[in-house]
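Some notes on the structure that comes next.
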There are 2 protein chains.
Amino acid sequence: MEARRDVFQAIADPTRREIISLLSFQPMNLNAVAGNFEVSRPAISKHIKILTECGLITIRQEGRERFCEARLDKLNEVSEWVEQYRKFWTEKLDALELYLDELQTQNKPKQKTKKHVNKKRRS
Amino acid sequence: MEARRDVFQAIADPTRREIISLLSFQPMNLNAVAGNFEVSRPAISKHIKILTECGLITIRQEGRERFCEARLDKLNEVSEWVEQYRKFWTEKLDALELYLDELQTQNKPKQKTKKHVNKKRRS
DNA sequence: TGTATGCGATACCGTTTGGTTACACAAATA
DNA sequence: TATTTGTGTAACCAAACGGTATCGCATACA
């Protein structure tokens, strides 16, 4: 079970993405994490190990319990890789979006975003 | 070789990420793509197939050649998934901000935060 | 027409993945 | 002290992965 271990490979598995989601709310010990899934506890333990190996979560030992905490800054690597291609899928609609943005700004000029909205972001 | 086939799994392989990079510059036929790698042509063919199956590239047949074109808008799925966690790694102030948001929510429960805070989620 | 090219498809192979059951063991609890 | 709880680990398994070599077959070209 030793191999290439990077963030891209770590988030490829849907169960691991769910674990990340869970832990983004609050740290949990391993059994608590496992309680949210159908699969066995050792299976989750392996996923946790993988996530730990690539730095997406850290373990804090506390007595016999091991609390897992999300370290989501490692996702920045994925973000940067993806974002370099954003221009390939936003370009066409940029004009429209700009128009909509300005419309919104005119209507509600007071609304502060405070969220680094990452400008273009279409679904 | 049939299985789960989604964008996350597709970009997990470094060779496939390189193929995406190549094709983001211009469409190329399959042999041209394969020419950029050490591995054999059938191996690249398989990668191309996987990328096609999850919509990251499209094939345009032209005589006996098959031109591969990147359809990077499919990366939006990855982008959206990652970006929902951005607040966990961008600025340290974000934690404070989240805290303040929740405080505000408690004080004025009517004010919608638009941040899906999602406390607990145990089953 | 004969030959070279571009590529799919198949068969095969070793390794990795994601899962299981079973056991071991320290820490917490009764 | 006896027992429950939280977890690691080992052994095992089927399937998927990433690769290869090879054959076949249109299409293009000499």
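Fair warning: this is a prediction, and the values are worked out from it, not measured in the lab.
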Requested in this report: Quickly work out the A:L51 CG to C:dG18 P distance and round it to whole Å.
Outcome: 11 Å

Query raised in the report: In whole angstrom, what separates A:I48's CD1 from C:dG19's P?
Result: 13 Å

**Report entry** Length of the line joining B:E38:CD and D:dG18:C1', which is rounded to integer Å
**Finding:** 15 Å

Report summary line: B:K46 NZ to D:dA21 P, in whole Å, measures 12 Å

Report task. May I have the distance from A:E18 (atom CD) to C:dG18 (atom P), rounded to whole angstrom? Result -> 14 Å

Report task. Report the distance from atom CD1 of B:I11 to atom C1' of D:dC17, rounded to the nearest whole Å. Result -> 17 Å

Query raised in the report: Is there a side-chain polar atom (N or O) of B:H47 under 4.0 Å from OP1 or OP2 of D:dC17?
Result: no

Could you pull out the protein-nucleic contacts involving nucleotides 4-7 of chain D (nitrogen or oxygen on both sides, under 3.5 Å)?
{"unit_1": "D:dT5", "atom_1": "O2", "unit_2": "A:R64", "atom_2": "NH1", "d": "2.8"}
{"unit_1": "D:dT7", "atom_1": "OP1", "unit_2": "A:L30", "atom_2": "N", "d": "3.4"}
{"unit_1": "D:dT7", "atom_1": "OP1", "unit_2": "A:R66", "atom_2": "N", "d": "2.7"}
{"unit_1": "D:dT7", "atom_1": "OP2", "unit_2": "A:N31", "atom_2": "N", "d": "2.6"}
{"unit_1": "D:dT7", "atom_1": "O4", "unit_2": "A:R41", "atom_2": "NH2", "d": "3.2"}

Report summary line: Against the side chain of A:A43, the closest entry in C:dG18, C:dT20, D:dT9 is C:dT20

Just list the side-chain donor-acceptor pairs under 3.5 Å for residues 33-40 of chain B, sequence neighbours left out, or say none.
{"unit_1": "B:N36", "atom_1": "ND2", "unit_2": "B:A32", "atom_2": "O", "d": "2.9"}
{"unit_1": "B:S40", "atom_1": "OG", "unit_2": "B:A43", "atom_2": "N", "d": "3.4"}

Query raised in the report: If you round to the nearest 0.5 Å, how far is CG of B:L51 from CG of B:L23?
Result: 8.0 Å

Report task. Rounded off to whole Å, could you give me the CD1-to-C1' distance for the A:I19 and C:dG19 pair? Result -> 13 Å

Query raised in the report: Can you name the residues that form a side-chain hydrogen bond (donor to acceptor under 3.5 Å, both in side chains) with A:R16, not counting sequence neighbours?
Result: A:H47

Report summary line: side-chain contact (heavy atoms from CB on, under 4.5 Å) filter on A:R60, not counting sequence neighbours, yields A:P27, A:E62, A:F67, A:E69

Requested in this report: Ignoring backbone atoms, test whether B:Q9 places a side-chain nitrogen or oxygen under 4.0 Å from the OP1 or OP2 oxygen of C:dT17.
Outcome: no

Report task. Whole angstrom is fine here: how far is it from CG in A:D13 over to P in D:dA15? Result -> 18 Å

Query raised in the report: Who passes side-chain hydrogen bond (donor to acceptor under 3.5 Å, both in side chains) against B:E65, sequence neighbours left out?
Result: B:N29

Query raised in the report: C:dG19 phosphate, OP1 or OP2: any side-chain N/O from A:S40 under 4.0 angstrom?
Result: no

**Report entry** side-chain hydrogen bond (donor to acceptor under 3.5 Å, both in side chains) partners of A:Q61, counting only residues at least two apart
**Finding:** A:R66

Requested in this report: Look up atom OH in B:Y85 and atom NZ in B:K87, then write down how far apart they are to the nearest 0.5 Å.
Outcome: 8.5 Å

Report summary line: Comparing nearest nucleotides in DNA chain C, the 5'-proximal residue of the pair A:R16, A:E62 is A:R16

